[in-house]
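Worksheet: one structure, shown below.
No experiment lies behind these values; they were computed from the predicted model shown.
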Amino acid sequence: MTEKILLNKKRGMLTLILTTFLLLCAIGIFVTGCVMLDGFANTPLAVCLMIVGGLWVCVGWLPYVGLRILKPNEALVLTLFGKYIGTIKGEGFYAVNPFCTSVNPAAKTKLNQSGDVNSMDSETLIPGSITFVDKRLSLKVMTLNNNRQKINDCLGNPVEVGIAVTWRIVDTAKAVFNVDNYKEYLSLQCDASLRNIVRLYPYDVAPGIDTTGDGVADDGSLRGSSDVVAARIKAEIQEKVRDAGIEILDARITYLAYATEIAAIMLQRQQATAIVDARKMIVDGAVGMVEMALDRLSKNNTVTLDEERRAAMVSNLLVVLCGNKDAQPVVNSGSLY
């Protein structure tokens with residue numbers, strides 16, 4: 001299905017004025033015929049005037065049905081007896097075939113996205129429970145924010161992920177006729193693409209994991225490579241919705257966390273890793289300081305230490321430097337021997 005833009009339909013004001021003028025003339029002709037017939041003057045002409053005026057009053061209002069008003073970045077897909085005849089785009093006052101029908105299968109679909117709100121512009125209720133549904137397609141940039149998904153990463157850990165997808169319609173004919181409901185189709189493809197990409201990455205950096213598919217382990221992760229993951233999600237969604245006439249402008253991860261059932265355990269793991277790293281740094285620094293102290297003492301001949309005294313000094317210094325609490329000094333006034 002190829003989109004056809006109707007460029008010669010922007011004559012709504014002319015149609016409105018001309019139709020109104022002809023209706024007024026038809027009413028005048030009908031009234032004139034009635035007056036002539038009442039006065040028994042030229043009866044055949046009076047009957048003819050009444051018939052012409054009455055017929056035009058009955059059918060002359062049909063052009064009003066074909067009047068359409070569009071605001072900026074809006075479009076209408078038109079069909080005539082089931083056949084697609086074209087699309088009108090852009091703001092303006094349009095006049096189309098009064099027998100044309102506007103088509104928008106997603107007009108009543110409400111998703112968690114911008115633009116999907118109940119308003120008097122989209123649905124107008126009148127007495128008698130009659131509902132008029134707005135069939136205009138929005139060509140504006142819209143944002144879809146689906147519900148968070150629980151997905152297993154490449155290590156099998158359940159994580160909760162949410163994304164926001166920015167999109168717009170670029171081909172109205174494909175959006176209306178190639179898929180049953182382009183909003184639901186987009187929402188489904190976003191969820192499927194998110195699941196396909198997230199399962200390729202670990203939540204955090206893990207050894208021996210290939211996230212690019214080139215056979216070489218890398219440092220990719222959901223937490224540290226969010227831009228790369230978002231780009232891959234965007235590319236996959238775009239590939240899936242191309243036939244629906246939709247362009248994906250951006251896709252961003254808006255929420256990322258471990259699932260509630262393992263969140264506490266993973267927090268303990270992260271805390272343990274942080275404690276080990278901190279201890280390692282403290283020990284490395286303490287050993288360096290002890291080596292420096294012993295070298296300075298030996299170089300300046302401040303004191304001569306045998307192996308047993310050196311071992312005792314090293315032990316005391318490491319206790320002081322690596323301990324969690326302040327050291328309590330003990331004064332030894334005697335000798336080790």
Locate the shortest heavy-atom distance separating Phe30 from Gly54; write the atom from each residue and the value.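 Shortest heavy-atom separation between Phe30 and Gly54 comes out as CD1-N, 3.7 Å.
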Applying the side chain to side chain contact (heavy atoms under 4.5 Å, CB included) test to Leu249, which of Gln238, Lys234, Arg168 qualifies?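 Exactly one pass, corresponding to Arg168.
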Test Tyr203 against every option in Leu256, Leu155, Val198 by the side chain to side chain contact (heavy atoms under 4.5 Å, CB included) rule and name the one that passes.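 Testing each of Leu256, Leu155, Val198 against Tyr203, the sole residue satisfying side chain to side chain contact (heavy atoms under 4.5 Å, CB included) is Leu256.
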Is any side-chain heavy atom of [Y] closer than 4.5 Å to one of [X]?
X	Y	value
Ile163	Asn146	no
Pro105	Val179	no
Leu78	Tyr94	no
Thr109	Tyr182	no
Thr172	Leu139	yes
Tyr64	Leu16	yes
Tyr185	Val241	yes
Phe177	Thr79	yes

For atom CZ of Phe99, decide whether the heavy atoms of other residues, nucleotides or ligands shown that lie under 6.0 angstrom number more than 12.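 No.
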Surrounding NZ of Lys140 (heavy atoms of other residues, nucleotides or ligands, distance under 6.0 Å), is the total greater than 12?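 No - once you tally the heavy atoms of other residues, nucleotides and ligands closer than 6.0 Å, there are 12 at most.
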Salt bridge between Lys108 and Asp134, side-chain N to carboxylate O under 4.0 Å?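 Salt bridge: no.
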Determine, stepwise, if the pair Arg252 / Asp227 fulfils salt bridge (Lys or Arg N to Asp or Glu O under 4.0 Å). CA-CA 8 Å; Arg252 292 292 173 184; Asp227 290 340; 3.1 Å; yes
